[in-house]
Amino acid sequence: MPEVHHILNLSLKFTGRLTDNMSRDHLLEKSMFDLLVKLFNMIMGLWDKLPESAKEAIIKAAVDTFEAIFRAYFKSQKGGEANA
């Protein structure tokens with residue numbers, strides 16, 4: 001993990017975000033949160049650019065997949081009895 005701290009320190013010094021009163025762990029958490037926010041924003045940007053037909057197909061595929069997973073799980077929990 002020292003490599004991560006070294007890279008983090010270099011990037012924060014370069015951007016001017018490293019201060020003496022901030023701990024490395026706090027900076028790492030903040031950097032990870034920033035990364036997750038950027039990733040989420042990127043995915044939402046891609047989603048907004050999709051046509052409605054593609055969005056509907058993706059949602060339908062996700063629903064069908066989770067439905068199959070839940071049916072298999074509940075069937076196994078009921079001892080082979082299906083609630084279909």
Side-chain angles (χ1 to χ4, degrees):
M1 198 68 130
E3 301 87 23
V4 173
H5 289 292
H6 179 69
I7 293 169
L8 180 62
N9 281 342
L10 289 176
S11 66
L12 291 171
K13 284 179 184 177
F14 179 74
T15 60
R17 292 175 51 195
L18 182 63
T19 61
D20 292 336
N21 60 351
M22 299 174 94
S23 70
R24 284 190 174 99
D25 291 335
H26 174 74
L27 291 174
L28 184 60
E29 289 171 11
K30 184 169 175 34
S31 295
M32 288 300 295
F33 182 74
D34 289 344
L35 177 68
L36 291 174
V37 168
K38 287 178 184 177
L39 180 63
F40 178 76
N41 287 335
M42 183 188 76
I43 291 170
M44 290 307 296
L46 292 173
W47 182 259
D48 290 338
K49 293 177 184 176
L50 288 174
E52 289 299 316
S53 59
K55 290 178 185 178
E56 289 174 8
I58 292 170
I59 292 169
K60 183 179 181 332
V63 169
D64 291 345
T65 300
F66 281 105
E67 181 183 11
I69 292 169
F70 289 136
R71 281 188 188 278
Y73 173 76
F74 286 114
K75 185 176 181 179
S76 71
Q77 295 298 313
K78 292 277 188 178
E81 295 178 36
N83 285 339

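Numbers for residues simply follow the sequence, beginning at 1.
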*Asks:* Hydrophobic side-chain clustering at under 4.5 Å (ILVMFWY, transitive links): who's grouped with L36? Put none if nobody.
*Replies:* none
*Asks:* Mind listing the side-chain donor-acceptor pairs of residues 44-60 below 3.5 Å, one per line with the distance, residues two or more places apart or on another chain?
*Replies:*
unit_1, atom_1, unit_2, atom_2, d
K60, NZ, D64, OD2, 2.8

*Asks:* Hydrophobic cluster mates of I43, side-chain heavy atoms under 4.5 angstrom, ILVMFWY only, any path?
*Replies:* L39, M42
